[in-house]
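The basis for the numbers below is simple: all heavy atoms, side chains too, and nothing from hydrogens, waters or symmetry mates.
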Amino acid sequence: MTEPIPQPAGPGDRPPEARFAYDAHTWKEIAHLLTNLPVSIVGFVYTVTALSIGAGMTVTVIGLPLLALGLMGARQLGRLERARARAMLGVRVDEPSPLPWRRSGGFWPGLWQAVKDPVGWRTCLFTLIRMPWGVLTFTVTLTGLFVLWPVLAFVVRAMADVDRAMVRGLLSPSDELEKRIAELESDRGIVVDTAAADLRRIERDLHDGAQARLVNLAMGLGLAKEKLLEDPDAAASMVEEAHGEVKLALQELRDLARGIHPAVLTDRGLDAALSSVAARCTVPVAVTVDLEERPAPAIEGIAYFTVSELLQNVSKHSRARSASVEVWRSENRLFLQVRDDGVGGASLDGGTGMRGLADRLGAVDGLFVVDSPEGGPTTVTAELPWRDRSGTPAGKAPGKGASARGRR
């Protein structure tokens with residue numbers, strides 16, 4: 001019997017190409033665990049040396065600067081560790097905020113900021129903990145490459161997860177704290193810009209209004225004084241005209257003072273002040289103020305001017321037939337809600353007015369919500385922190401029990 005002649009294998013009969021059993025991600029984790037030892041040694045030696053010298057020299061004048069420099073260097077070690085974890089472990093950790101040197105107020109306050117820097121101290125703790133952990137991970141990973149190959153991927157993943165937890169727990173910034181710092185910095189800028197704009201508005205109103213009328217008044221009285229003996233009738237006419245200028249100047253000063261802080265708000269509170277604003281609106285406005293006590297003057301003023309500007313928008317743009325204003329307190333928040341049955345279409349992007357109100361409320365931890373579909377109606381809800389008349393935040397107190405979203 002003739003044996004079949006072997007045929008060359010076709011493309012479909014070839015075995016798969018030889019490759020490593022582990023994927024690239026596993027090899028990155030192995031590389032990270034193997035480099036833990038040299039990196040941990042460098043970090044441990046640096047931290048022990050810097051803290052020992054800095055703490056030991058605190059009895060001298062150079063102790064605190066050395067300790068501050070050591071902690072600043074620890075920050076850089078943390079930056080390198082975050083970069084290594086990002087490249088080899090895929091851990092995305094935000095960088096902490098830099099030290100606030102410009103806001104520290106001088107060399108010694110800045111030095112104290114560096115000494116009590118929580119980021120630097122947490123990095124030092126990280127480097128101290130990582131020394132024994134680096135020895136362990138290096139030993140297990142190196143040994144496993146020879147004797148634990150079938151299960152090494154699972155062991156490596158478990159140890160890499162511990163590394164990820166360390167990086168996230170000790171080298172990541174406090175999310176809430178960092179966000180709060182960023183918000184406060186932004187809010188401070190908004191408050192400063194708003195105050196500067198208000199000062200410019202007051203200066204412009206005084207210069208173009210009352211000041212100009214008072215200058216005309218002085219000139220008129222000067223001319224009347226010259227004509228008093230020569231032409232008493234003309235002098236009397238000039239005095240009469242000056243009297244009218246005085247009345248107009250007083251009215252403009254009253255309007256300006258009302259724009260700064262109305263007297264009715266100081267004397268009688270939000271209910272009377274908002275009723276006065278509503279009476280000047282071009283559409284009928286129903287005002288409901290349900291407050292058992294008055295909030296702090298600053299919060300009361302913000303609430304007043306918010307409602308005042310919203311009612312001005314109702315008069316100018318809404319084409320509404322009626323509107324309503326509701327003010328109430330729920331626990332430790334003050335709520336304002338302005339509704340109208342106009343054409344709608346209002347938004348925070350529609351102009352500077354709404355956006356300015358939102359920024360002002362955001363600067364004091366408030367909220368500003370606009371619900372205005374095309375065709376109406378429009379509901380604008382503002383929320384402010386409640387502070388009592390002494391200026392301290394109030395605890396939970398009985399209110400109408402409704403939130404901003406619940407009243408919409």
Side-chain angles (χ1 to χ4, degrees), residues 183 186-187 190-191 194 265 269-278 280-296 298-388 393-394 396-408:
E183 289 175 0
S186 175
D187 292 345
I190 292 172
V191 170
T194 301
L265 178 63
L270 274 174
D271 196 352
L274 295 183
S275 297
S276 175
V277 172
R280 298 195 297 269
C281 189
T282 58
V283 300
V285 180
V287 178
T288 303
V289 178
D290 185 8
L291 297 176
E292 296 182 357
E293 58 179 321
R294 294 176 60 179
I299 299 299
E300 198 173 53
I302 294 173
Y304 170 83
F305 287 111
T306 299
V307 174
S308 178
E309 187 157 345
L310 289 174
L311 289 181
Q312 287 182 23
N313 289 339
V314 171
S315 298
K316 294 177 181 178
H317 310 297
S318 70
R319 287 183 276 172
R321 291 173 296 177
S322 64
S324 65
V325 175
E326 293 183 73
V327 181
W328 74 97
R329 176 185 177 183
S330 179
E331 296 182 348
N332 60 342
R333 308 292 285 182
L334 176 66
F335 292 93
L336 319 168
Q337 196 166 78
V338 178
R339 293 181 178 140
D340 68 73
D341 57 0
V343 296
S347 69
L348 295 179
D349 301 326
T352 59
M354 289 286 193
R355 173 55 59 187
L357 285 176
D359 290 342
R360 285 197 181 195
L361 267 68
V364 292
D365 287 338
L367 294 175
F368 190 78
V369 180
V370 179
D371 181 15
S372 182
E374 291 293 338
T378 297
T379 301
V380 180
T381 306
E383 179 182 342
L384 290 164
W386 179 274
R387 295 181 180 273
D388 58 28
K396 293 186 177 181
K400 296 184 74 171
S403 66
R405 295 174 180 82
R407 299 278 293 225
R408 286 170 54 185

Min side-chain heavy-atom separation Gln337-Trp328 under 4.5 Å:
yes
Between Val287 and Ala278, which heavy-atom pair has the shortest distance, and what is it?
CG2-CB, 3.6 Å
Could you tell me which residues satisfy side chain to side chain contact (heavy atoms under 4.5 Å, CB included) with Ser315, sequence neighbours excluded, listed by chain and number?
Cys281, Thr282
Just verifying a value: how many Å separate Asp290 CG and Leu270 CG, rounded to the nearest 0.5 Å?
12.5 Å
Partner set under side-chain hydrogen bond (donor to acceptor under 3.5 Å, both in side chains) for Ser322, not counting sequence neighbours
Asp341
Is there a side-chain contact between Glu383 and Phe335, using heavy atoms and a 4.5 Å cut-off?
yes
Can you see which heavy atom on Ile302 is nearest to which on Thr306, and at what distance?
O-OG1, 2.7 Å
Rounded distance (nearest 0.5 Å) linking atom CG of Leu291 with atom CG of Asp271
8.5 Å
Check whether any side-chain N or O of Ser276 sits under 3.5 Å from a backbone N or O of Ala272 as a donor-acceptor pair, and report yes or no.
no
pair Val314-Leu310: side-chain heavy atoms closer than 4.5 Å:
no
My understanding is that only residues two or more places apart in sequence, or in another chain, count here; which of them pass side chain to side chain contact (heavy atoms under 4.5 Å, CB included) with Arg294?
Glu300, Arg389
Minimum-distance pair of heavy atoms, taken over all atoms of Leu336 and Leu384:
CD1-CD1, 4.4 Å
Heavy-atom distance under 4.5 Å between the side chains of Asp340 and Asn313, does that happen here?
no
Run the side-chain hydrogen bond (donor to acceptor under 3.5 Å, both in side chains) test against Ser372 and tell me which residues pass, sequence neighbours left out.
Thr378
Can a salt bridge be assigned to the pair Arg329 and Glu292 using a cut-off of 4.0 Å between side-chain N and carboxylate O?
no
Taking every non-hydrogen atom, the tightest pair across Trp386 and Pro295:
CH2-N, 3.6 Å
